[in-house]
Amino acid sequence: MAAPTPAFDRSPQPMQASASALPADWQHGVFMEIFVRAYQDSDGDGIGDLKGLISRLDDLQALGIRGLWLMPITASADHDHGYATTDHRAVEPAYGTLADVDTLLREAHRRGIGVVMDYVVNHASYQHPAFQAAISDPKSPWRDWFVFSEAAPSGWRIWDANPWYWLPSRPWEHGDPKTQPPAPAGAKDHFFATFGPHMPDFNLRRPEVFDYHLDSLRFWLNRGLDGFRLDAVPHLIENDAVRWNDQPESRALTKRLQDTILAYPNRFVVCEATAEPQAYGDPAVCGGAFAFGYQHHFVQAAKGEAASVAALASYYRSASPRMATFTSSHDIFAGLRLWDQVGGDDARYRLAAAGYLLQPGTPFVYYGEEVGQASLPSLPGDRPVRGSMSWSAEPGSAGFSPRGPYNGRAPNADTHHLAAQRADPTSLWHFYRQLIGLRNARASLARGDFAHSSADGLVLAFQRRLGSERTLVLINYGTSTSQARPEGLPEGVRPRLLWRSAPGPADAGAFMLAPQSVAVFAIDG
């Protein structure tokens, strides 16, 4: 009897490249990372959805956002974060339909906002039809789509767990990868799963498997999607128990993914690569990557750490301007929400935000950051940073859903929610709006180089330059008034104050900075 054919779309998807509906420089603006499930519920079922997101596009446009990164919206088995994919070409049913995706793209583009989505290349859910077909029969041809071994190879350890799982034990039912029951002596039939037994790795050495992913990327690009955030790309290929992380083969495959995406006009790609992010920011690999490790310096500088101020002055002297910067994200290993990292200190919060919104790279604001949303206490795993968005002071769910909050209502939702902050011109939301507006208005801030940077104790100075336009940024992280001494100013040119976060002396050219403040100048030559 022939092996069953798994039911999922793996048809070839020829490239259908149409002109982008967005401005040529949209991808140099500020992005918002959005967890759709926790953003806005439109139908009262307690789950955020695409129609809910569409209803909030005007709010995002008002903030000045130019791009959205959606955590996975593809069908998944986890019904939470979405990285356990069951179909790379279908929408998670709780989120909506392909027609809703089309509406989102059309409405976002009408507002000058691009949309990129998470794409999981490395692995699938154990419930994926191809994996189910593979485990239904040891001789199934679908085994070639995943990584199987009769005996479990020895010596493997990834994040304190053995990534080889004994199939007959149904390991996805046993929870924590670190506490799996041991396989009996001589046990056969194991599969490989970097991120736990519920998410088996694809065998990306097989051309037909990698081609399936390339076709799936084109499936979404052909609909008008503006790009992708590629998940966990250093783990695409594992060679052995020692050479498993960030192998040359993984970088080569990542470049093929990038080339497929950027073959479409005016598209964007960014990669998750935690160990060597700058290597993946190189156009020879991914062309953009999140600046893991660097994000902590924005926070530590805001707390008054001179070493981090010095790091902010030096990073972009050599780092690719395609790096993606942030202060928090959906992964708790990157840090709690910014509110918690600075202990709820409003002045430090603003300094941390200004650091990455005014530097090179692509800034990614994590949903809720723009209103100072706090993490959720006492929840396991990543759930503390994945609470539902605070839209209002509504007692039940802060405006997220009549069914209540997803994961939980932020503990500071009564005061830190969008409705109140839009009404208060001195709020965090307006602070973000003003800085994002500066970046949108000044091409040098959006796309310029990083020059004449210096750290003088707790005072940071740098210039952004593009063509004849120059912008000078000064940040005083200290708690007392300080005089900045910016370098590289053209002789005889008097900088013109564009914006400052706190009142200063009438003579702005003296570069006296109020405590914990930011000042931005045009250098008109």
Side-chain angles (χ1 to χ4, degrees), residues 71-72 76-86 118 120-128 130-132 134-135 143 145-205 209 230-247 249-250 253-254 271-277 280 290 292-293 329-336 379-386:
M71 288 173 60
S76 74
D78 56 61
H79 307 301
D80 182 16
H81 55 72
Y83 290 97
T85 312
T86 56
D118 242 310
V120 184
V121 190
N122 179 74
H123 55 266
S125 164
Y126 77 95
Q127 295 181 14
H128 191 285
F131 189 72
Q132 288 296 304
I135 65 177
R143 289 227 164 186
W145 275 58
F146 299 91
V147 183
F148 282 90
S149 175
E150 277 290 288
S154 62
W156 282 83
R157 251 6 231 181
I158 295 180
W159 303 306
D160 296 325
N162 184 349
W164 289 96
Y165 296 92
W166 185 43
L167 180 61
S169 72
R170 301 179 65 83
W172 46 83
E173 296 177 354
H174 299 303
D176 191 341
K178 300 176 185 178
T179 58
Q180 289 282 317
K188 295 183 178 181
D189 207 2
H190 296 78
F191 68 92
F192 186 86
T194 301
F195 294 95
H198 60 300
M199 295 191 290
D201 279 35
F202 281 111
N203 181 7
L204 296 171
R205 297 184 193 274
V209 180
L230 299 175
D231 181 67
V233 288
H235 304 291
L236 301 182
I237 298 290
E238 290 85 6
N239 284 312
D240 53 45
V242 175
R243 298 174 303 140
W244 59 266
N245 190 15
D246 191 17
Q247 296 302 291
E249 296 92 333
S250 293
L253 291 180
T254 300
C271 283
E272 180 197 34
T274 56
E276 295 288 343
Y280 281 78
F290 287 91
F292 288 104
S329 75
H330 65 282
D331 284 321
I332 202 166
F333 73 76
L336 288 169
L379 294 180
D382 296 301
R383 289 176 61 194
V385 296
R386 296 182 185 174

Could you go through I237 and W244, starting from their C-alpha distance and side-chain angles, then the distance that decides it, and tell me whether this counts as side-chain contact (heavy atoms from CB on, under 4.5 Å)?
CA-CA 7 Å; I237 298 290; W244 59 266; over 6 Å; no

Under the criterion side-chain contact (heavy atoms from CB on, under 4.5 Å), I'd like the reasoning laid out for E272 against L230: C-alpha separation, chi angles, the key distance, then a yes or no.
CA-CA 6 Å; E272 180 197 34; L230 299 175; over 6 Å; no

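To the nearest 0.5 angstrom, K188 atom NZ is 14.5 Å from L167 atom CG. From H128, atom NE2 reaches atom OG1 of T86 across 7.0 Å, with rounding to the nearest 0.5 Å. For the atom pair D231 CG and D118 CG, the distance stands at 5.5 Å (nearest 0.5 Å). Taken to the nearest 0.5 Å, the CG atom of N122 stands 5.0 Å off from the OG1 atom of T194. Distance check: D201 CG to N203 CG gives 9.5 Å after rounding to the nearest 0.5 Å.
In this view, S169 and W166, P171, H174 satisfy the side-chain contact (heavy atoms from CB on, under 4.5 Å) rule, not counting sequence neighbours. Taking D80 as the reference, nothing meets the salt bridge (charged side-chain N to carboxylate O under 4.0 Å, His left out) condition, with sequence neighbours excluded. Scanning for salt bridge (charged side-chain N to carboxylate O under 4.0 Å, His left out) contacts around E238 gives an empty result, with sequence neighbours left out. N162 pairs by the side-chain hydrogen bond (donor to acceptor under 3.5 Å, both in side chains) definition with nothing, not counting sequence neighbours. Residues passing the ring-ring contact (aromatic ring centres under 6.0 Å, His included) test with Y126 are W172, sequence neighbours excluded.
Checked against a 6.0 Å centroid threshold, the rings of W145 and F131 do not count as neighbours. Taking the centre of each ring, Y165 and H190 stay at or above the 6.0 Å mark.
In summary, of the residues considered (F192, F191, F202), a ring-ring contact (aromatic ring centres under 6.0 Å, His included) with F146 occurs for F202 alone.
Between the side chain of D382 and the backbone N or O of I332, at least one donor-acceptor pair lies under 3.5 Å. D331 contributes no side-chain N or O that, together with a main-chain N or O of F333, makes up a donor-acceptor pair within less than 3.5 Å. Proximity of a side-chain donor or acceptor of D78 to a complementary backbone N or O of Y83 within less than 3.5 Å is detected. Checked by atom type and distance alone, the side chain of T254 pairs as donor or acceptor with a backbone atom of S250 at under 3.5 Å.
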Under 3.5 Å, side-chain donor or acceptor atoms of residues 148-158 against the rest of the protein: list the pairs with distances, not counting sequence neighbours.
{"unit_1": "S149", "atom_1": "OG", "unit_2": "A151", "atom_2": "O", "d": "2.4"}
{"unit_1": "R157", "atom_1": "NH2", "unit_2": "D160", "atom_2": "O", "d": "2.8"}

